[in-house]
Amino acid sequence: MRAEARIVAAGDGRGGTRLAVLRGESPLLLRRTGRPADGWATVHLVGGAAGPLRGDELRLDIEVGPGARLEMRSVAASLALPGRPAPPSRLTITATVAGGGVLHWLPEPLIAADGCDHIAVTRVDVGEGGRLLWRDDLVCGRHEEPSGSVRQDTMIRYGGFTLYRHELAVGPGAPGWDGAAVLGGRAVGTLVAVGVGLPAGPAGPDAAVMPLAGPGMLATAVGADIRTVAGALDPLCEQPTLAPAV
Amino acid sequence: MHPELHEHDPDEVPHTHPEPGVDPHQPLHGGPRALRIGIGGPVGSGKTALVAALCRALGEELRLAVVTNDIYTTEDADFLLRNGVLPEERIRAVETGCCPHTAIRDDISANLDAVEDLEEKLGPLDLVLVESGGDNLTATFSKGLIDQQIFVVDVSGGDKVPRKGGPGVTTADLLVINKTDLAPMVGADLSVMDRDARARRHDLPTVFLSLAEDKQATPVADWIRGLVAARV
Amino acid sequence: MSLASLLLLADGRLPSGGHAHSGGLEPQIANGRVRNVDGLAGFLRGKLATTGLVSAAFAAAACADVTRSAELDGGLDARTPSPALRKASRAQGRALLRAGRAMWSLPPIGREPHQPVALGVLAAAAGLTPADASIAAAHGLVTGSASAGVRLLGLDPYAVHALLARLAPECDRIAAAAAARAGDPVDDLPAAGAPLLDIGAEHHATWEVRLFAS
Ligand SMILES: Nc1nc2c(ncn2[C@@H]2O[C@H](COP(=O)(O)OP(=O)(O)OP(=O)(O)O)[C@@H](O)[C@H]2O)c(=O)[nH]1
Ligand SMILES: [Mg+2]
């Protein structure tokens, strides 16, 4: 299956956010939800089919203009499934956040079902003065099943420089992924924050908040299951409403 | 480019070497670099107590800094801080990865970095004391790290220590036999220690000390004053 | 290439500060994830596939073109979210440069480059190839942590060396894959991360009592 979705959020000039484009197709269906009053636009990914399945080629483009505030969530975890023998499924997300724009990407976890083969490519470009919270949670296998293969390939740039470059591979074909260097458990979550201060340092036994070399922070948590990860990262996502810098 | 220093075969990979005899760790400042004195010796013999005493005795007259090499992170550095003998910015702690002797002898890079950082931060210094982590009788400092070394043993292990020898006792520029106040209690005969030390060390000096009584480590401070004076 | 120079560069006795670093092992021993040779094996496999691949690729890239050092250094910053690990890498880079300056003539590449960049520059100065730099990087990474494991857990050194011998083909494979990408743009070079190493390093940096610097 091939599917594309696109969102363009623009400042309406009165402190609010207008969705100039909101277009999706199954399984990338988008719905505007809640919070229209406080200047934010909230959009949920509502899914529409099981998957991603092997062979799927999915694309999501997000554009946040100056003064716009967009929060993206999903209604349920997405489940990467094996499907028929085919090349890996791939979800490519590109996002640009202009100076003065704010993007929160706070979806539910991705679950790597046994036998799946999935690649998630994320490219985010934040202009100087833009703000970002970017969360990615991954669960390696459903309850008591081995993990499928998932590769995450993430690059977040700020003001034209690469701020955060990270790849993570789990499942068969990723040596040592569940050992004591990489995950040591079956769940992991990351939260990259740009223009948003987080309290640096250890954040529980298997989590830490780290100032990046450039202007941004990363919170990472690992755990036996997603509850531990959520316990460490959820509070950090509840940032006081960010006024866009003008 | 440095000149080629040896014959290279025509089919050898191209590479060049630095000039021999060039100190790879130059002082950062133009002037003569600080005199570096290593203080080694077994665990608990009184190395940190000696460093503290030397800071008290020499802190006013010399520009002084200290590098500690703990088995654990910052125990010794913390002791010096608590005792207020030296301000915090003059003390650096080096971690040694379970091998205190490696950090002062085989791979001295972290200590050299610490000394350089201190010199860079504080400007020119007269004296840097490097305390090794407590180790055994064979641990000595590399000459790439220090100019002179003091080996501190104490009497509480009995009077046999100098007789046992080992590179620390035999070759240190100054041997300090500490805790003489305890000698009667442990039945250590200082004259035996003195005789054995002379036999092992020939002309190299040995001093007896009780840091419990002499808070300025007078004979050691005097020995260092002599070294500093001889350099200028 | 000069095999003898490569062996010098890869020798654990090279005075380049490595002995004081456990490569992230000490915190994983403290939290109970590594208790024995099996635990160490899982740790080393994961480390090799992540940090090992990245270090090997950046060492090879720096060796292939030392004029890219600054850019590569920035690339490692972006791949090293943990400030404690950035500090450890730069401290080891600085120590390696000190050793390298005594051995070969190095171009000026700054005072505290990341360790893989320094390694690549040393390799180039020694007349070695990017593939040599990359194998030295991967090898150094596993042997460093393995030796810390011997010291911290009192593991049987023969059992640990048997493990290292089993990992050698994987080490070769990773190094070859890394070297093949030496000429890629920095953003395209390997970026495999190890979340637990980052988290462990941040915890470790706050301990009052630790044996290793990282
Ligand atoms: N009675 C007596 N005690 C002393 C003397 N010098 C030091 N001590 C005590 O011996 C103990 C160990 O002294 P330190 O200076 O910490 O010894 P150290 O050699 O630095 O020990 P490590 O760094 O752990 O190897 C401390 O409790 C000191 O107070 C002395 O001359 N007489
Ligand atoms: Mg001490």
Side-chain angles (χ1 to χ4, degrees), chain B residues 1-6 8-26 28 67 69-78 81 92-117 120 133 142-145, chain C residues 1-6 12-23 25-26 88 90-107 111-112 122-129 132 144 147-154 204-214:
Chain B
M1 253 311 126
H2 289 287
E4 299 289 299
L5 301 166
H6 59 143
H8 285 161
D9 288 341
D11 56 346
E12 203 179 338
V13 290
H15 63 276
T16 54
H17 302 276
E19 306 206 40
V22 171
D23 183 355
H25 8 273
Q26 297 274 331
L28 289 156
V67 178
N69 283 249
D70 264 321
I71 307 189
Y72 301 112
T73 321
T74 53
E75 189 94 0
D76 286 344
D78 291 346
L81 287 175
R92 277 287 307 266
V94 166
E95 284 128 332
T96 57
C98 289
C99 290
H101 54 267
T102 305
I104 60 161
R105 188 183 57 202
D106 314 83
D107 184 349
I108 55 178
S109 54
N111 271 298
L112 287 169
D113 287 345
V115 172
E116 282 181 7
D117 286 349
E120 189 177 2
S142 158
K143 293 193 170 57
L145 175 59
Chain C
M1 67 134 170
S2 155
L3 195 49
S5 300
L6 172 58
R13 285 165 296 193
L14 184 71
S16 56
H19 74 99
H21 294 265
S22 77
L25 186 63
E26 187 173 25
R90 291 191 178 284
Q92 291 178 82
R94 177 180 175 184
L96 192 54
L97 281 189
R98 185 190 292 283
R101 277 200 306 272
M103 297 162 79
W104 300 290
S105 299
L106 305 188
R111 171 184 157 94
E112 271 195 339
L122 258 70
L128 297 171
T129 66
D132 297 335
S147 119
V150 170
R151 283 182 267 166
L152 284 167
L153 286 170
H204 188 256
T206 65
W207 294 2
E208 270 183 27
V209 171
R210 56 176 179 252
L211 291 164
F212 286 83
S214 77

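Quantities reported herein were computed from a predicted structural model and do not represent experimental measurements. Lettering follows sequence order; numbering is per chain, from 1.
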- Task: Please list, chain by chain and in numerical order, all residues satisfying ring-ring contact (aromatic ring centres under 6.0 Å, His included) with C:His21, sequence neighbours excluded.
- Result: none

- Atom CD of B:Glu116 and atom CZ of C:Arg98: how far apart are they, to the nearest 0.5 Å? 4.0 Å

- Note on the structure: Value for CZ (C:Arg13) from CG (B:Asp107), rounded to nearest 0.5 Å, stands at 12.5 Å

- Task: Could you tell me which non-hydrogen atom of B:Ser109 sits nearest to which non-hydrogen atom of C:Ser16, and how far apart they are?
- Result: OG-C, 3.7 Å

- Could you have a look at C:Ser22, C:Ala213, C:Ser214, C:Ala95 and say which one has the most heavy-atom pairs with chain B under 4.5 angstrom? C:Ala213

- Note on the structure: The salt bridge (charged side-chain N to carboxylate O under 4.0 Å, His left out) partners of B:Arg92 (sequence neighbours excluded) come to B:Asp117

- For chain B, the option from C:Ala148, C:Ala99, C:Gly17 that forms the most heavy-atom pairs under 4.5 Å: C:Gly17

- Item | Proximity breakdown for B:Ala103 and chain C, heavy-atom pairs closer than 4.5 Å | both

- Message: Counting only non-hydrogen atoms closer than 4.5 Å, does C:Leu96 touch chain B with its backbone (N, CA, C, O), its side chain (CB onward), both, or neither?
- Response: neither

- So which heavy atom on C:Arg94 is nearest to which on B:Asp113, and how close? NE-OD1, 3.1 Å

- Item | Part of C:Ala91 within contact of chain B (heavy atom distance under 4.5 Å) | backbone

